[in-house]
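Predicted, not measured: the structure shown is a model, and the values here were computed from it. Indexing begins at 1, ligand by ligand and atom by atom, following the structure's order.
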Amino acid sequence: MAIERTFSIIKPDATARNLTGAVNAMIERAGLRIVAQKRVLISRDQAETFYAVHRQRPFFRELVEFMISGPVVVQVLEGENAIAAYRDLMGATDPAQAAPGTIRKVFAKSIGENSVHGSDAADTAGREIAQFFAGNDIVG
Ligand code: CMP
């Protein structure tokens with residue numbers, strides 16, 4: 001199996017409830033390593049660039065407002081098939097559809113305030129990591 005890196009965001013609804021450690025415990029329990037991490041307030045420009053693929057969606061404005069409403073924790077996770085493994089651990093976008101034991105089932109408040117983001121593919125992961133981390137910020 002391939003060792004991969006994926007990009008993760010612990011979103012404002014989770015940081016507001018002081019859940020960074022609880023989410024990180026689930027990540028580490030799933031066998032993923034947190035190889036870079038920082039707590040930041042992202043700018044409107046950063047949020048719009050990050051979610052550019054959703055620009056035409058009806059929820060785009062709401063999504064950007066939410067992502068800049070409070071601190072987020074951006075992370076790089078490393079492990080075997082990390083991209084798929086983290087998507088499995090997060091669960092479905094809508095917590096009502098998420099499987100038991102997933103981060104979103106346990107913590108998410110709604111489809112918008114859904115606690116975590118994870119990259120959906122290898123090319124996206126590379127782009128998303130590069131938006132927030134320089135190569136020497138990541139220590140595996
Ligand atoms: P994320 O994995 O960060 O990628 C895009 C985000 O858009 C998604 O998680 C949700 O938080 C958000 N999103 C998707 N659908 C909706 C929706 N119907 N209403 C509000 N936000 C949504």
Open item on the list: Please confirm whether the ring centroid of F7 lies under 6.0 Å from the ring centroid of F50.
Closed with: yes
Task: Residues R61 and E48 bridged, charged N to O under 4.0 Å - done: yes
Open item on the list: Assigning hydrophobic clusters by single linkage (Ile, Leu, Val, Met, Phe, Trp, Tyr; side-chain heavy-atom cutoff under 4.5 Å), is F66 placed with I10?
Closed with: no
Open item on the list: Side chain or backbone, does G112 bring an N or O within less than 3.5 Å of an N or O on ligand 1?
Closed with: yes
TODO: Under 4.0 Å, heavy atoms only, figure out whether ligand 1 is touched by the backbone of H54, its side chain, both or neither.
DONE: side chain
Task: Within-shell test, Y51 vs ligand 1, heavy atom, strictly < 4.0 Å - done: yes
Task: hydrophobic_cluster_shared for V23 and L89, side chain cutoff 4.5 Å - done: yes
TODO: Return the residue, atom name and 0.1 Å-rounded distance of the protein heavy atom closest to atom 18 (N) of ligand 1.
DONE: F59 CD2, 3.8 Å
Task: Contact check: H117 vs ligand 1, nitrogen or oxygen atoms, below 3.5 angstrom - done: yes
Open item on the list: Below the 3.5 angstrom mark, is there an N/O of I111, backbone or side chain, next to an N/O of ligand 1?
Closed with: yes
Open item on the list: Closer than 3.5 angstrom, by distance alone: can the side chain of E78 be matched with the main-chain N or O of R33 as a donor-acceptor pair?
Closed with: no
Open item on the list: I'd like to know if K11 contacts ligand 1, where contact means a heavy-atom distance under 4.0 Å to any ligand atom.
Closed with: yes
Task: Heavy-atom neighbours of D123 CG exceed 12 at 6.0 Å - done: yes
TODO: Would you check the N or O atoms of E62, main chain and side chain alike, for any that come under 3.5 Å of an N or O of ligand 1?
DONE: no
Task: Within reach of ligand 1, part of R104 (heavy-atom separation under 4.0 Å) - done: side chain
Task: Cationic tip of K11 above F107 ring, under 6.0 Å, 45° of axis - done: no
